[in-house]
Amino acid sequence: MDDQNLTLLDGSGGVIVCYSVSTALNGAGEQDASGCTPRGKHFVRAMIGSGLPANTVFRGRRPTGEIYSPVLAASHPGRDWILSRILWLCGREHGINRGAGVDSFRRYIYIHGTPDTEPMGTALSHGCVRMRNADVIELFECVQPGMPVTIR
């Protein structure tokens, strides 16, 4: 994806805030097991992590009790870190990002925090939309379940 930004718009399409993000290293695509970031119309299906500390580590959408640190990272090389907050996305378009073989929700596509050492503006994720921890916490406070999300 060329534009590695997430823009929050108000009800009339005006920009509230824009964040630098990281989408999939494998590019855009909707197929199951592709490692790609799915495009199209989505909505926030679930919000996970309210009130938890920044850098809270999640596995399977549950906090592990760990707080990300360089020491923890060194003991788990290669781990795909999901930190701070999770906005779990669900596709709105049957056959495109919802349904058999292309379902964003069943693919566990999130907007989530990542280690602050990871570059933003560069495609590096496994399919999700990664954000800086402070940014995803700020965004989390501005959205609600059901809110529309469009990925281009």
Side-chain angles (χ1 to χ4, degrees), residues 1-10 13-91 96-97 102-144 147-152:
M1 303 183 119
D2 293 333
D3 190 12
Q4 298 286 298
N5 291 302
L6 183 150
T7 305
L8 181 63
L9 305 175
D10 64 21
V15 174
I16 296 173
V17 65
C18 186
Y19 301 102
S20 185
V21 299
S22 175
T23 60
L25 179 62
N26 289 349
E30 293 68 43
Q31 293 299 309
D32 287 351
S34 65
C36 295
T37 300
R39 295 161 292 194
K41 296 177 182 177
H42 293 79
F43 67 94
V44 176
R45 175 80 179 264
M47 298 175 60
I48 302 165
S50 181
L52 293 174
N55 291 303
T56 292
V57 177
F58 293 90
R59 295 210 50 158
R61 295 156 308 284
R62 288 178 172 57
T64 65
E66 301 163 305
I67 300 295
Y68 178 86
S69 69
V71 172
L72 183 64
S75 67
H76 299 280
R79 189 165 165 187
D80 184 25
W81 297 98
I82 297 174
L83 306 177
S84 298
R85 303 290 185 272
I86 298 170
L87 300 172
W88 193 355
L89 302 180
C90 186
I96 296 173
N97 56 30
V102 294
D103 200 283
S104 295
F105 185 72
R106 290 184 183 137
R107 288 180 58 203
Y108 304 102
I109 298 297
Y110 314 137
I111 299 169
H112 67 80
T114 197
D116 289 332
T117 55
E118 290 295 307
M120 292 293 117
T122 303
L124 290 173
S125 84
H126 297 168
C128 290
V129 177
R130 294 177 177 175
M131 296 182 71
R132 294 263 176 256
N133 291 292
D135 292 347
V136 77
I137 291 169
E138 181 179 283
L139 177 66
F140 191 92
E141 296 303 318
C142 297
V143 303
Q144 58 191 353
M147 188 170 219
V149 174
T150 301
I151 301 174
R152 298 183 188 144

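Scope of the values below: all heavy atoms of this structure, side chains included, with no hydrogens, waters or symmetry mates.
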Which heavy atom in [X] sits nearest to a heavy atom in [Y], and how many Å separate them?
| X | Y | result |
| --- | --- | --- |
| Leu87 | Val44 | CD2-CG1, 4.3 Å |
| Phe58 | Gly49 | CZ-CA, 3.8 Å |
| Pro119 | Leu124 | CG-CD1, 3.3 Å |
| Arg85 | Pro53 | NH1-O, 4.2 Å |
| Cys36 | Ala28 | CB-C, 3.7 Å |
| Asn26 | Ser34 | ND2-O, 2.9 Å |

| message | Please determine whether side chain to side chain contact (heavy atoms under 4.5 Å, CB included) holds for the pair Arg107 and Asp32, giving the CA-CA distance in whole Å, both sets of side-chain angles, and the decisive distance to 0.1 Å. | response | CA-CA 6 Å; Arg107 288 180 58 203; Asp32 287 351; 3.4 Å; yes
| task | Take Arg79 and Arg59, measure what side chain to side chain contact (heavy atoms under 4.5 Å, CB included) needs, and give me the verdict at the end. | result | CA-CA 10 Å; Arg79 189 165 165 187; Arg59 295 210 50 158; 2.8 Å; yes
Where the side chain of [X] meets the backbone of [Y], is there a donor-acceptor pair that is under 3.5 Å apart?
| X | Y | result |
| --- | --- | --- |
| Asn97 | His42 | no |
| Ser20 | Gly121 | yes |
| Trp81 | Val57 | no |

| request: Indicate whether any N or O donor in one side chain lies under 3.5 Å from an N or O acceptor in the other, for Thr23 and Gln4. | output: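 Indeed, the side chains of Thr23 and Gln4 share at least one donor-acceptor pair under 3.5 Å.
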| request: Could you walk me through whether Ile67 and Thr56 pass side chain to side chain contact (heavy atoms under 4.5 Å, CB included), step by step? | output: CA-CA 5 Å; Ile67 300 295; Thr56 292; 3.8 Å; yes
| What pairs with Arg61 under side chain to side chain donor-acceptor pair (under 3.5 Å), at least two apart in sequence or on another chain? |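 With neighbours one apart ignored, the set is Tyr110.
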| remark: To the nearest 0.5 Å, atom CG of Asp103 lies from atom OH of Tyr108 at 10.0 Å
| From SG (Cys18) to CG (Leu9), nearest 0.5 Å |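 If I round to the nearest 0.5 Å, the distance is 9.0 Å.
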Would you list the atom pairs, donor with acceptor, under 3.5 Å between side chains in residues 130-139 and any protein atom, with sequence neighbours excluded?
| unit_1 | atom_1 | unit_2 | atom_2 | d |
| --- | --- | --- | --- | --- |
| Arg130 | NH2 | Asp80 | OD1 | 2.9 |
| Arg132 | NH1 | Asp116 | O | 3.0 |
| Arg132 | NH1 | Glu118 | O | 2.7 |
| Arg132 | NH2 | Glu118 | O | 3.0 |
| Asn133 | OD1 | Ser84 | OG | 2.7 |
| Asn133 | ND2 | Asn55 | OD1 | 3.1 |
| Asn133 | ND2 | Thr114 | O | 2.8 |
| Asn133 | ND2 | Asp116 | OD1 | 3.3 |
| Glu138 | OE2 | Tyr19 | OH | 2.6 |

| Just wondering, do Leu89 and Ile111 contact through their side chains at under 4.5 Å, heavy atoms? |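 Yes, close enough: below the 4.5 Å cut-off.
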